[in-house]
Amino acid sequence: MATITYEAATRFYPGSERPAVDGLEISIEDGEFLVLVGPSGCGKSTSLRMLAGLEDVDEGAIRIGDRDVTTLAPGRRDVAMVFQSYALYPHMNVAENMAFALEMAKMPKQERRRRVREAARILDLEPFLDRKPKSLSGGQRQRVAMGRAIVREPQAFLMDEPLSNLDAKLRVSTRSQIAALQKRLGVTTVYVTHDQVEAMTMGDRVAVLNEGVLQQCDSPRALYQRPANAFVAGFIGSPAMNIREFAVHDGHARIGDRDVEVSDELRAALADEGLDRVLLGFRPESVDLVGPSEGFTASVQLVEELGADAYLYCSIAGTDHAGDPDIVTRIDPARPPRVGETVHLRVRAGHEHAFSPVTGERLSS
Amino acid sequence: MSAPPVVDGRAGGAAAPARSTTPTAVERLKRRIPLLPALVLTIVLTQVPLLGTVYYSFHSRNLLRGDAIEFVWFANYADILGDEHFRTAVLNTVVLTASTVTLSIALGVALAVLLDKAFLGRSVVRTLLITPFLVMPAVAALLWKHAMFDPVYGLLNWFLSLVGVGPIDWISELPMFSIVLMMTWQWTPFMMLIVLAGLQSQSPEVLEAAKVDGARAFATFRRITLPHLRRFIELGILLGSIFIVQTFDAIFLITQGGPGQATMNLPYFIYQRTFRAFEVGESAAAGVIVVAGTIVIAIFALRVILNLFREEG
Ligand SMILES: Nc1ncnc2c1ncn2[C@@H]1O[C@H](COP(=O)(O)OP(=O)(O)OP(=O)(O)O)[C@@H](O)[C@H]1O
Ligand SMILES: [Mg+2]
């Protein structure tokens with residue numbers, strides 16, 4: 001068990017001038033569960049593979065504990081990896097699969113047997129120890145891949161989308177099992193996923209990547225409540241946060257047919273940057289249906305009822321782009337408005353997020 | 001961590017749903033009638049000559065003598081099996097086939113492993129390595145006989161002279177070795193291609209998993225790659241054996257089975273019996289024996305090919 005530090009780690013794939021991972025800077029604490037999340041192609045797998053030693057680090061460094069592992073061979077880093085395809089050794093049975101790394105480390109047979117039995121017990125794999133991977137179900141294979149990692153008692157677990165080949169229901173139960181197992185073993189874990197729900201539910205901290213650049217690394221709650229920029233704001237949360245650009249005049253933002261006063265703080269921040277427009281974001285749950293005299297006017301384009309919740313997709317009056325709904329809001333599913341109806345909406349005070357339309361960085365504190 | 005069995009739907013869901021309709025006998029016949037001409041042609045082209053050979057093998061017939069063709073039961077087989085030259089030919093065939101297959105597999109695996117790595121000019125090297133297999137066997141045999149083996153101006157002796165050895169009269173001093181050398185040259189590309197296909201069908205993630213698990217290159221090759229290649233190597237051995245048992249061009253053009261009986265293999269033996277001694281009956285019996293032996297090998301080959309598709313999936 002150890003800390004893991006990325007120090008401005010950068011990776012250029014041969015033949016592309018844009019780095020796949022650009023100056024990644026993260027310190028992971030001992031025993032922490034860190035999730036790397038981001039859209040497809042943002043460099044999550046590359047970051048993880050750099051840590052495993054499967055990709056070169058072109059600039060910067062990576063440390064595990066006090067050791068600089070930047071140029072160390074994968075086998076000498078003492079990390080265990082769970083692959084998306086599980087990458088089980090097809091010609092070995094479950095027990096041999098789990099024991100392989102121990103055998104390579106020249107561990108005595110007795111100890112090997114003990115560890116494999118122990119892992120099999122934890123993972124409920126005891127009945128399958130003699131089976132070959134091809135005769136296991138997807139969920140069982142996933143557990144063998146986990147077992148192969150835990151028998152090694154490594155410094156760190158690296159997992160690259162280990163749940164993406166499971167069906168939805170199994171994914172949810174396995175998700176909590178992995179998180180619980182990690183807590184119990186206390187092994188530092190770096191976990192890659194593109195699923196933000198997985199990221200939010202499993203991680204002690206979540207690092208959001210976009211186009212190879214780290215956007216924010218923080219606890220799930222902080223990411224949700226104080227996204228550092230418009231990308232993180234739009235990426236975390238489902239349905240996504242409403243983010244729209246509005247003009248600001250005399251300390252008022254013009255939203256549809258109504259002027260809304262902006263806070264003094266935001267006004268100061270805008271003045272500092274010399275901006276007369278602002279990116280405002282508000283989550284669907286921060287928008288309320290109000291009476292006709294309050295709030296701005298919008299017309300309902302779509303009502304999505306999910307049972308416990310209902311979501312209203314509306315277009316704000318005064319904006320003329322027809323197709324896309326401008327704003328999504330969560331409402332009480334008991335009395336949903338009808339499509340085409342005109343409603344009045346208000347953003348709960350203090351629940352808006354302001355970003356610079358130029359840089360996308362957060363403006364309000 | 002345990003998955004509750006209820007959610008683990010994959011284990012039970014594997015069974016394919018049963019076909020709901022079974023076609024009637026007439027329907028089945030209708031479906032197959034268009035295949036009939038091809039089937040008839042195949043039978044005529046392959047089985048009639050075989051039946052002819054079997055027929056001859058039970059009759060005494062020599063083209064030099066005009067006597068009536070006589071049914072002689074198993075006399076031809078008895079003669080052939082009692083013939084010392086036939087037994088030599090069987091032994092030579094086994095030696096030739098086994099050495100050629102072993103050497104070409106070993107070289108093929110080595111070359112395939114090298115070709116599996118990325119390096120500058122790989123496709124050129126790969127093409128060059130395949131060419132021996134594309135050369136017509138007869139041309140290859142003549143090429144080796146004159147350009148390589150010739151005691152006076154052959155390349156092999158020239159190479160040896162550089163290190164102060166030789167000259168060797170390859171074909172008369174080392175006849176079997178020479179034939180094996182030439183056949184290995186010709187068959188290595190075939191083995192290499194099969195093994196290369198095997199290497200490239202290996203999951204790169206499995207190899208990466210082995211790296212992360214601390215396996216060194218040699219351990220990875222022995223414990224992970226070689227078991228994966230086993231089926232491909234078996235396939236190479238069996239297909240190679242079937243073809244190399246039938247080697248004729250090289251023997252005919254380079255050694256004529258000699259010196260003495262040193263390189264007399266089964267095809268050349270049969271050829272001699274038929275077209276030099278005109279012993280149609282005896283050579284037919286020898287042919288039937290060879291076919292029977294080859295069929296046994298082929299059955300194994302088919303089984304291996306089928307396993308290849310079943311094993312990983
Ligand atoms: N071997 C490679 N050679 C060249 N470019 C690559 C290679 N592997 C990945 N890339 C590029 O690097 C970028 C990051 O890839 P990476 O696999 O890390 O993405 P990811 O975040 O894991 O995406 P996903 O969620 O789809 O798995 C992508 O733009 C990809 O095209
Ligand atoms: Mg990936």
Side-chain angles (χ1 to χ4, degrees), chain A residues 49 52-54 73-92 96-97 100-105 122-125 134 136-143 145-150 152 154 158 160 166-174 176-178 180-181 184, chain B residues 1-16 117-120 122 195 197-235 304 306-313:
Chain A
R49 292 165 55 82
L54 297 171
R76 304 186 51 209
R77 298 189 178 200
D78 197 15
V79 296
M81 185 147 171
V82 178
F83 291 81
Q84 180 172 6
S85 64
Y86 313 139
L88 302 179
Y89 307 128
H91 300 275
M92 300 184 197
E96 289 163 345
N97 257 284
F100 183 71
L102 308 181
E103 205 181 314
M104 291 298 115
I122 297 175
L123 296 168
D124 266 350
L125 283 172
K134 67 166 184 272
L136 297 176
S137 74
Q140 289 158 353
R141 284 180 209 181
Q142 202 277 335
R143 269 142 54 203
M146 289 294 300
R148 209 165 60 173
I150 65 180
R152 292 183 50 193
L158 316 183
D160 191 352
L166 302 181
D167 63 60
K169 221 170 166 184
L170 191 55
R171 192 150 52 205
V172 172
S173 62
T174 312
S176 46
Q177 285 157 1
I178 290 183
L181 184 68
R184 203 175 115 195
Chain B
M1 191 176 91
S2 69
V6 238
V7 288
D8 203 339
R10 286 161 188 243
K117 304 265 174 286
F119 58 87
L120 195 70
R122 174 162 74 161
V195 173
L199 282 176
Q200 299 195 335
S201 72
Q202 198 174 17
S203 147
E205 288 203 333
V206 167
L207 296 177
E208 288 179 347
K211 263 193 208 166
V212 176
D213 273 351
R216 285 161 199 277
F218 185 70
T220 308
F221 182 76
R222 201 174 63 82
R223 299 289 308 277
I224 310 225
T225 305
L226 217 47
H228 169 79
L229 288 183
R230 206 188 95 198
R231 299 276 164 194
F232 292 86
I233 291 176
E234 282 175 0
L235 178 67
V304 168
L306 292 182
N307 272 344
L308 202 61
F309 293 119
R310 226 178 290 136
E311 186 75 350
E312 288 163 47

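Each chain gets a letter, A, B and so on, in the order its sequence line appears, and its residues count up from 1.
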Practice prompt. Examine the side chains of B:Ser201 and B:His228 and answer whether a donor and an acceptor come within less than 3.5 Å of each other.
Written response: yes

Item to complete: Could you name each residue pair satisfying salt bridge (charged side-chain N to carboxylate O under 4.0 Å, His left out) that touches residues 199-213 of chain B, not counting sequence neighbours?
Response: A:Arg49-B:Glu208, A:Arg152-B:Asp213

Discussion item. Taking side chain as everything from C-beta outward and backbone as N, CA, C, O, which of these in B:Arg223 sits under 4.5 Å from a heavy atom of chain A? Side chain, backbone, both or neither.
Written reply: both

Fill in: Which portion of A:Ala180 sits near chain B, non-hydrogen atoms under 4.5 angstrom
neither

Worksheet entry | Under the side-chain contact (heavy atoms from CB on, under 4.5 Å) test, residues paired with B:Phe218 that sit two or more places apart | B:Arg222

Worksheet item: In terms of heavy-atom proximity below 4.5 Å to chain B, should A:Leu88 be classed as side chain, backbone, both, or neither?
Response: backbone

Worksheet, complete the sentence: Looking only at heavy atoms, the pair that brings A:Arg171 and A:Leu166 closest together is NH1-O, 3.4 Å

